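Working notes, structure below.
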Amino acid sequence: MESLEVRLVSRPLGLPSPSNFELATVSLGQPGPGEVLVRNRWMSVDPYMRGRMTDRRSYVPPFALGAALEGGAVGEVLASADPAFAPGDLVLSMWGWREAFVKPAATVRKVSVPAGVGEEALLGVLGMPGLTAWAGLREIGQPGSGETLFVSGGAGAVGSVVAQLGKALGCRVVATAGTDAKCAWLAAAGVDAAINYRTCGSLLEAVRRAAPGGIDIYFDNVGGEHLEVALELANPFARFVECGMIAHYNATEPPPGPRNLIQVIGKSLRIQGFVVTQFQHLEPRFQAEVSALIREGRLRYEETIVEGIGRAVEAFLGLFSGANTGKMLVRL
Ligand code: NDP
């Protein structure tokens, strides 16, 4: 069978453009011993992929030029030459950015869909972004009831889960997002204050008004000005969960600041970064807890779905202009 795949053909400088990518057709044979043939039904686009487009040492190796990109995908086994898999099995893999693939069975994982969600949720609220939110907030943020949680990127895949988990754990939650519609979504989901950071004027004053008692936990998805505001408004012993800094991912020069990092001393702040894979062992607990919250109607999730591999690059680029509410996904 034939499969379309998206390849990286040049390394972006600054914001990527469609010309950094190409769509190519490959022919797939039947699986050899120990291999499976899988047709992807959903693929994920994630901000971290921007980092892999740059040739530098990091916690994951850079994407190779001329080769298909990689990323989370949910697909169906069409043919298997491995006894552990059969046609019809639903599998999760890192072989996204392609319609289908033949790969060693050891590189895919059989999954089932928890009640109350669609299979694509395994790439979002019940997948990597959900685990990022749950583990980052619980393990690093260590929220206590009555504390104030500030989360940037609040209407995204990670942030929307952080914000609602914070409410479920008894926090007062202040979130930022880039449109009024996203803020309305956050308000409907129970967040105490949702701030449109693009139109609010001084972000510092807007967050100060929304969190008059200061901030006890800052869940950072954005970096930049948001981080400076959080440092300024942090209470003594506040915890900073450094999850992401999307405001910097397309920077062509090292960004300045945070200019007020000195606050970390006098306020005895704890600033801790993490990569979700270090919490992989918590996945069963996370899935049980978050799927229960979804079933009980205490956690909503949104998905922005783009159709077809031909629009996967557009979906990815949309992450940097805020085109998504909740998880950005491509249906294949
Ligand atoms: P999102 O669903 O939040 O999508 C990205 C969003 O970021 C956009 O919708 C946009 O929303 C916002 N954004 C884009 N550019 C800017 C900017 N310059 N300033 C402020 N906001 C911006 O993505 P994810 O939920 O998948 O990821 C959120 C963050 O978490 C990212 O930084 C990501 O890298 C990080 N992450 C970290 C992991 C880890 O292991 N540490 C794992 C997974 C994600 P808006 O309209 O509000 O601007």
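Quick caveat, the model's predicted, so the values are computed rather than measured. In each ligand, atom 1 is the first atom listed, and ligand 1 is the first ligand listed.
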- request: Would you mind checking if E5 and R7 are paired as a salt bridge, meaning a charged N to carboxylate O distance below 4.0 Å?
  value: yes
Check: every ligand 1 N/O to protein N/O pair under 3.5 Å:
{"residue": "ligand 1", "atom": "2 (O)", "partner": "A157", "partner atom": "N", "Å": "2.8"}
{"residue": "ligand 1", "atom": "2 (O)", "partner": "N324", "partner atom": "ND2", "Å": "2.8"}
{"residue": "ligand 1", "atom": "4 (O)", "partner": "N324", "partner atom": "ND2", "Å": "3.3"}
{"residue": "ligand 1", "atom": "9 (O)", "partner": "N324", "partner atom": "OD1", "Å": "2.5"}
{"residue": "ligand 1", "atom": "11 (O)", "partner": "K182", "partner atom": "NZ", "Å": "3.4"}
{"residue": "ligand 1", "atom": "21 (N)", "partner": "Y197", "partner atom": "OH", "Å": "3.2"}
{"residue": "ligand 1", "atom": "25 (O)", "partner": "A157", "partner atom": "N", "Å": "3.2"}
{"residue": "ligand 1", "atom": "25 (O)", "partner": "V158", "partner atom": "N", "Å": "2.8"}
{"residue": "ligand 1", "atom": "30 (O)", "partner": "N221", "partner atom": "OD1", "Å": "3.3"}
{"residue": "ligand 1", "atom": "32 (O)", "partner": "N221", "partner atom": "O", "Å": "2.9"}
{"residue": "ligand 1", "atom": "32 (O)", "partner": "Y249", "partner atom": "OH", "Å": "3.1"}
{"residue": "ligand 1", "atom": "34 (O)", "partner": "Y249", "partner atom": "OH", "Å": "2.7"}
{"residue": "ligand 1", "atom": "40 (O)", "partner": "V276", "partner atom": "N", "Å": "2.7"}
{"residue": "ligand 1", "atom": "41 (N)", "partner": "C243", "partner atom": "O", "Å": "2.9"}
{"residue": "ligand 1", "atom": "41 (N)", "partner": "F274", "partner atom": "O", "Å": "2.9"}
{"residue": "ligand 1", "atom": "46 (O)", "partner": "G178", "partner atom": "N", "Å": "3.4"}
{"residue": "ligand 1", "atom": "46 (O)", "partner": "K182", "partner atom": "NZ", "Å": "2.6"}
{"residue": "ligand 1", "atom": "47 (O)", "partner": "G178", "partner atom": "N", "Å": "2.8"}
{"residue": "ligand 1", "atom": "48 (O)", "partner": "Y197", "partner atom": "OH", "Å": "2.5"}

- prompt: With side chains defined as the heavy atoms from C-beta onward, is the minimum distance between Y301 and K327 less than 4.5 Å?
  reply: no
- prompt: Is the shortest distance from a Lys or Arg side-chain nitrogen in D89 or R109 to a carboxylate oxygen in the other one below 4.0 Å?
  reply: no
query: With Y218, which residues qualify under ring-ring contact (aromatic ring centres under 6.0 Å, His included), at least two apart?
result: F150, F240
message: Test of understanding: with ring-ring contact (aromatic ring centres under 6.0 Å, His included), list the residues that count as partners of Y249, not counting sequence neighbours.
response: none
- prompt: Which residues pass the ring-ring contact (aromatic ring centres under 6.0 Å, His included) test with F63, sequence neighbours left out?
  reply: none
